[in-house]
Structure formats: C-alpha cells, structure tokens
Amino acid sequence: MDFDETAVPGYGGLLRLDGQVFVVLGAGQGIGRQSAHALAQAGATVVCVGRRAEPTERVAREVGGVAIVADAQDRGDMVRLFDEVRTRFGKLNGIVDIIAIGIRGGVLDMTDDDYQWQHDNVLRHAFLALQLGAPLMRDSGGGVAVLVSSVAGQHVWPGITLAYSIFKAALDHMTRVAAVELGPLGIRVNTVSPGLIKTPRWQTQTAEWYERVAQRYPVRRIGEPSDIASVILFLSSELSRNMTGQVLVADGGLTIQSPSPVPDDMQGWSR
Ligand SMILES: NC(=O)c1ccc[n+]([C@@H]2O[C@H](COP(=O)([O-])OP(=O)(O)OC[C@H]3O[C@@H](n4cnc5c(N)ncnc54)[C@H](OP(=O)(O)O)[C@@H]3O)[C@@H](O)[C@H]2O)c1
C-alpha cells in the first residue's frame, strides 16, 4: 500500500453524547456537579441523583436535566431510580458514580462500625449501580459506567485512613472485574483516580495552604473538580471506545514521584 486510506473519524464528534441519557450519582456538588455539566454540554440528558433534594434539584435545573432524590447505597432506592429512568426515557446510555468521602481511622483504632460505614460509602453504591443499571444499558444497546476512585487506593501515605484506601483499591478492581463481565453486553467500565481536588469540602483552606500543597505536585497546582469531570466526559464518550477496565490517574503527577531512597540530609550520594 502506497498511501494510508483508512477512514478518519470526526474526532470532535466522537465526544458528543447527543440524545443519550446519563445517570450521575452524587450530582449535587463538586465532581458530580461538574460531571453533570460536562455531560450536558456534550448533549446528554442528565438524571441527577443525591440524597438532599435542594442541591440535587438545583444542579438538575442548571443542566436542564432531571432530579431524582435517592440514597445510592439503598437497594430499594436504586431499583426505583432505574425503574423511573426506564419508564421516563426508555433507555440508559451511561452511569457516572462519584460518591465517597474518607473517614479517619487506622489499623489499630478503626471501629467495626466505621469500617462497615466506609465499605458501604465507597463500594455499595457502585455495586448496586452496576448490578441494577447494567441490564437497562444492555437493553439500550450498550453503555458506559465511570466510577471515581482515589490515588489513596494505590499508594500509602502516613496518616491516610485504612478503610478508605483499601476500599478504593477494591473499587479499582471492581472496575476490572465488571469490565470483563459486562464487556460482552456492550458496556465499558472505567474509573478516574484523582489526587487532592479542590472540592467544596476542601475549600475551607487558606490560599497559603493551597500554595504550599501545590508545591508537592509537578504541575504546581491543585486539581479542580472540572479537571476530573473532563476525564469523566472522555471516558463517557466514544473517544475512549477502546478502553475498559482502566483506572486513569488524574493527579497532577503527584504519584509518579517517590520519596528519595535516602533522607534529605544525605542527598548527593549518587554523584
Ligand atoms: N476531593 C478530593 O480531594 C478527592 C481526592 C481523591 C478522590 N476523591 C473522590 O472524588 C469523589 C467525589 O468527591 P467530592 O469531594 O466531589 O464529593 P462530595 O463533595 O463529598 O460530594 C458528594 C456528592 O454525593 C452525594 N452523595 C453522597 N452520598 C450519597 C448517597 N449515598 N446517595 C446519593 N448521593 C450521595 C452528596 O449529596 P447528598 O449529601 O445530597 O447525598 C454530594 O452531592 C469521591 O469518590 C472521593 O472519594 C476526592
């Protein structure tokens, strides 16, 4: 062959989600709210889900979508959610699940109750979303699921909580297991793994605090919720159609670094 005549797709068009229906679990603020906007800007109708009616309905109004007040950790609520989506839209093309918040506690001091709470807070809604949402996506001709993990699931920092880290690691592996099982149904499953993100619950810090923390990141900035929503949009679109079972790190380069193998006052040892 003298010349490559392989068809060239319209790459910009592959990002579009026109006519598609997406459920966003945890849409009321932070990464969830930004994701709802990103998906809606790409043309999707977004079903915004949260436990508190006010923020959930507000974001639904912002994006021209629909609000459903539900606890994503409750099986009954999740059955109702997907039934309502099936009845109202007759299809589902994607699920974005951003829910989780880390609580403190280490190997020596974490209580049974906190351990179980964190398990459900990180894993239960993702399991329910995949189990109950997949049949509707299959019946819609396929779909995507995008979860949100944390680089704490891959790396260990002093002071990081035991349960949050290990259940995020489990979420990463849930991504791979579900991708293999659901791939033949036309469903891709991927996860975004952020470093520190300036979400509403972190926005109480001072400018000096952010400035100091930013110095630990090769990009010298702390990520915004929109930085994660943009990766979620990519993973929701046909631009990523050859990707499944992946945990995509979006952490400003934080975790490509490693502590020096020797203490700071012993630097110069290799020269
Ligand atoms: N922020 C960071 O620095 C950072 C770093 C690494 C990873 N992450 C990960 O990023 C994700 C999002 O973090 P974020 O800070 O944007 O979240 P967030 O501000 O805590 O927002 C969570 C949203 O989820 C909703 N929600 C919580 N539990 C729910 C439930 N059971 N059912 C339905 N909705 C529920 C909340 O609304 P309601 O209260 O109304 O339900 C809220 O709108 C999490 O998975 C987190 O682990 C964050």
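Excluded from the calculations below are hydrogen atoms, water molecules and symmetry mates; all remaining heavy atoms, backbone and side chain alike, are included. We count ligands from 1, going down the list as the structure has it; atoms in each ligand are counted the same way. By convention here, the first residue in the shown sequence is residue 1.
Among the atoms of Ala72, some N or O lies under 3.5 angstrom from an N or O of ligand 1. An N or O contact shorter than 3.5 Å is missing between Ser150 and ligand 1 by distance. At least one N/O-N/O distance between Ile197 and ligand 1 falls below 3.5 Å. For ligand 1, none of its N or O atoms has an N or O atom of Val49 under 3.5 Å away. Of the polar atoms of Thr56, none of the N or O atoms is found under 3.5 Å from an N or O of ligand 1, judged by distance alone.
Within ligand 1, counting atoms from 1 as listed, the ones closer than 4.0 Å to a heavy atom of Asp71 are 30 (C), 31 (N), 32 (N). Which parts of ligand 1 touch Val148 is read off a 4.0 Å heavy-atom cut-off, strictly below it: atoms 9 (C), 10 (O), 11 (C), 45 (O). Interface of Gly195 with ligand 1, defined as ligand atoms under 4.0 Å from a residue heavy atom, comprises 3 (O), 4 (C), 5 (C), 6 (C). Within ligand 1, the atoms closer than 4.0 Å to a non-hydrogen atom of Gly28 are 43 (O), numbered from 1 in the order shown. Listed by number with element, the atoms of ligand 1 under 4.0 Å from a non-hydrogen atom of Tyr164 are 7 (C), 8 (N), 46 (C), 47 (O). Numbered from 1 in the order shown, with element, the atoms of ligand 1 that lie under 4.0 Å from a heavy atom of Arg201 read 13 (O), 14 (P), 15 (O), 17 (O), 18 (P), 19 (O), 20 (O), 46 (C). Heavy-atom contacts of Ile98 reach the following atoms of ligand 1: 11 (C), 12 (C), 22 (C), 23 (C), 44 (C), 45 (O) (cutoff under 4.0 Å). For ligand 1 and Ala70, the ligand atoms under 4.0 Å from any heavy atom of the residue are 32 (N), 33 (C).
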Legend entry - Evaluation steps, side chain to side chain contact (heavy atoms under 4.5 Å, CB included), between Leu39 and Gln20: CA-CA 9 Å; Leu39 297 167; Gln20 298 196 19; over 6 Å; no
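Side-chain atoms of Gln73 and Arg51 include no donor-acceptor pair closer than 3.5 Å. For the residue pair Asp120 / Gln116, a side-chain donor-acceptor distance below 3.5 Å is found, with atom types taken as modelled. In the model, Asp4 has a side-chain atom that pairs as donor or acceptor with a side-chain atom of Thr6 under 3.5 Å.
Residues Val21 and Leu182 are members of one and the same hydrophobic cluster, defined by side-chain heavy-atom contacts under 4.5 angstrom among Ile, Leu, Val, Met, Phe, Trp and Tyr. Follow the hydrophobic side-chain contacts under 4.5 Å out from Leu136 and you never reach Val96; the two are in separate clusters.
Proximity of Thr199 to ligand 1, defined as any heavy-atom pair under 4.0 Å, is confined to the side chain (atoms from C-beta onward). When non-hydrogen atoms are compared, ligand 1 lies under 4.0 Å from the backbone of Ser149 (N, CA, C, O) but not from its side chain.
For atom 35 (C) of ligand 1, the closest heavy atom belonging to the protein is Ile99 CD1, 3.6 Å. Considering only non-hydrogen protein atoms, atom 18 (P) of ligand 1 sits nearest to Gln29 NE2, 3.5 Å. Of all protein heavy atoms, the one closest to atom 16 (O) of ligand 1 is Ile31 N, 3.0 Å. Protein heavy atom closest to atom 24 (O) of ligand 1, with residue, atom name and distance, is Gly26 CA, 3.2 Å. For atom 36 (C) of ligand 1, the closest non-hydrogen atom on the protein side is Arg52 NH2, 4.3 Å.
Within 6.0 Å of CZ on Arg75 lie more than 12 heavy atoms contributed by other residues, nucleotides or ligands. By the neighbour-count criterion of 12 heavy atoms within 6.0 Å, atom CZ of Arg138 is densely surrounded, having more than that number from other residues, nucleotides or ligands. Other residues, nucleotides and ligands contribute only 12 or fewer heavy atoms inside 6.0 Å of the CG atom of Asn242. Residue-environment remark: CD (Glu208) stays at or below the threshold of 12 foreign heavy atoms within 6.0 Å.
Residue Lys168 places a heavy atom less than 4.0 Å from ligand 1. Assignment of Pro194 to the shell around ligand 1 is supported, since a heavy atom sits closer than 4.0 Å.
Atom CG of residue Leu235 and atom CG of residue Asn190 lie 5.0 Å apart, to the nearest 0.5 angstrom.
In summary, Arg86 and Asp83 do not engage in a salt bridge, as defined by a charged side-chain N under 4.0 Å from a carboxylate O.
Two rings, from Phe167 and Tyr115, have their centers less than 6.0 Å apart.
Between atom 29 (C) of ligand 1 and the options Arg33, Gln34, Arg51, the minimum heavy-atom separation is to Arg51.
For the pair Ile95/Phe82, a side-chain contact is recorded, criterion being any heavy-atom separation below 4.5 Å from C-beta on.
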